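So the structure is just underneath, and the comments pick up after that.
Letters A, B, ... are given to chains in the order of the sequence lines, protein chains preceding strands, and every chain is numbered from 1. Given the structure is predicted, the values throughout are model-derived calculations rather than measurements.
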Amino acid sequence: MPLDKVRTRFAPSPTGYLHVGGARTALFNYLFARRHQGTFVLRIEDTDKVRNTSEANDAIIEGMSWLGIKWQEGPGVDGPYGPYFQSQRTEIYTHKLSLLEKSDRVYEDQGAIRFRVPQSEISFVDRICGPQSINLSQQGSRAWDSEEGKEVETNPDFIIRRPDGSFLFHFVNVVDDIEMKISHVLRGEDHLSNTARHIALFEALGATPPSFAHIPLILNNDGSKMSKRDAGAGLQWYEDEGFLPEAVSNYLALLGWSPKDDREILSADEITNLFDFNHLNRSNARFDLEKCRWLNGQYIAALPTEQFLHLAIPFAAGAPESAIALTQPRIQTFTEINQWLAPILDDEFPMERASLSKVLEKQKDASTLLSLTEHLGQAPNWNEEQIKLAINQTAEKFGVKPGKLMLPLRVTATGTAQGTDLMPTLEIIGKETTVARMRRRIATLFPTD
RNA sequence: GACCCGUUCGUCUAGCGGUUAGGACUCCGCCCUUUCACGGCGGCAACACGGGUUCGAGUCCCGUACGGGUCGCCA
C-alpha cells in the first residue's frame, strides 16, 4: 500500500569523493521513494565554503548516475522546491531565521547566532532504532575534550549561523527538509544523535518532523571505521576496477537490508518491490570485497556476449574479440581480463613454477610432447576437430588416455595450467605459433633431451 | 567520560518461545568437463558472557563485556 506523498532525499556535502556508505544511503532513499511511488531528491549541502570542491560535487553526481540512482529533483533536474544547492538558498535561510528571531528562539553570541534548545525532553520513534528520548539542555551542556581527556562545560544552545553570515548544517538541513516537503529521512546512524536537535528546530519552525530511520554504518572488513584511504571506500574505484553498477548496487543493498529469504542476486526492481523498514538491519555491516567481486562475476557471466564484449573491450587493449569472449565465464571484474589474455597473446609468457611441476609429474621425458607437437604440426586444418585428432593419435601411440595430455599441452602452449577453454584458445593462437611455443617450452622443460 | 545504537558461522545474513539453528561469500573434498572455468553435490564453521521470566529462550527482561556512533563557528 503506497504511503501518501513519500519524498526522500540524499543530502551529501561535496567535501570528498562519494564513498560506499553514502552511496548506500542514497540507494536506500531512492529505493524507498520508488517503492512508494514517491519522489527522490538530491540536495547538495555545500554550506562549508572552505571544504567544498567542484570535483567532489562531480564525483557525487557521476557516482550516483553510474549506480543508476536517478533523482526526480536536484542538480540538473528542476523541481518546485529548488534550487538544490544550499549555497544558493541563503535568502530562504535568512527568512526562516527571522521567524526564529521573532519567536525569540535564537540569540546572538560573539557574532554567531545560537538556537535556544528546549528545556524539555524530546522524544521520537526511529523507524529502525526504536523510541528515543533526550533532553538537549542537559545532555548538551557537557562536552568531551579528547585532548585533555575530560569533560568540559559547554553551551547546549548550538550555533546555526556563523559570524560571517553563513549558515550551519543543523539549521539548513532542517529548513530544506521542511521546504522540500521531505517525508522520510533515511540516513546513517551517525546522525541519530543529531536528530533531537533537528526535531527541536522543526518544532520551533512550526513544522511537523518527518519520519526518521537511521541505518547502521558500513565498516571495513576488520571492523574498523571505513576511511578514505581504504581500497573500495570510494565508488569511483568500482568503475575503474571494472565492476558493473548493477552488481555494486545489488551488493550495497545487501549490506543492512535483506529480502528475508535466501535470494541474493536481485534486480533493482525486485529490491524496490520488497524494500521497507522491516527489512532493514540494526547492526553495522562489514564490507566484504570478496563477496562483492563474486557477485560481480555472476553479473558478468550473465551478460549477453555482445554486451560483454562492448564492456570488456576498453579493458583489453587491442586483443581480438574471440580471445576476449573466452574470458567471460572466468573474470570477476573487467580488470582481470588481461591476466587471462596474456597466456594467449604473449608468446613469451613465462611458465609458472606450479604449472611447470605439474607437467613434470606427468611427463618423464620429452618424447610424448614432441610427438604431440609433431601431430599438431601435421594437422591439415587448424580447428577443434583436428586438434583433438592430433591429441588422440598421440595418446594412442603412447598408450595413455587423451586426458593425460591436456595439461601438458595447455602449459606448453600457453605457459599456465589455469587458462581459458583450451581448444578455442589454441585456435586463436594458431598452428604455427602453437607448435613454436611448444618446441621452445619442451626444450626448457627437458633440457637434456 | 556522558549519552545513544548494536552483538547468530571469519564475513553478509535467515530466524521473530519448541528448528538436526537455514542460505550466501571464503576455504577443503567429490562429481561434471578428454583441459581450464562455470556448474552440481558434500564438508569445516555461529546464537558474546552471566543472571532471570518460562514446562521450554538465539528469540522476552536485567546486568557485564565487546564493537560502533555522538558530544564543532564539519556535514
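- Checking B:A14, B:C4, B:G10 against the side-chain heavy atoms of A:Asp288 singles out B:G10 as nearest.
- Residue A:Leu274 contributes atom CG, which lies 14 Å from atom C1' of B:A14 at whole-angstrom precision.
- Residue A:Ile218 contributes atom CD1, which lies 15 Å from atom C1' of B:U13 at whole-angstrom precision.
- Listed here is the closest heavy atom pair of A:Thr394 and A:His375: OG1-ND1, 3.0 Å.
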Hey, mind stepping through A:Glu264 and A:Lys291 against salt bridge (Lys or Arg N to Asp or Glu O under 4.0 Å) and telling me if it holds?
CA-CA 11 Å; A:Glu264 293 200 303; A:Lys291 186 154 184 176; 2.8 Å; yes
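- Distances shorter than 4.0 Å separate some side-chain N or O of A:Trp294 from OP1 or OP2 on B:C25.
- Applying the 5.5 angstrom centroid cut-off and the 30 degree plane-angle cut-off, the aromatic ring of A:Trp144 is stacked upon the base of B:G1.
- Among B:G68, B:A75, B:U11, the nucleotide with an atom closest to any side-chain atom of A:Asn221 is B:U11.
- With hydrogens and angles ignored, no donor-acceptor pair under 3.5 angstrom links the side chain of A:Asp262 to the base of B:U13.
- Taking atom CG of A:Leu295 as the reference point, atom P of B:G23 lies 19 Å away to the nearest angstrom.
- In this model, no side-chain donor or acceptor of A:Lys260 finds a partner on the base of B:A14 within 3.5 Å.
- A donor-acceptor contact under 3.5 Å is formed by the side chain of A:Asp421 with the base of B:U35.
- Residue A:Gln132 has a polar side-chain atom (N or O) positioned under 4.0 Å from OP1 or OP2 of B:C5.
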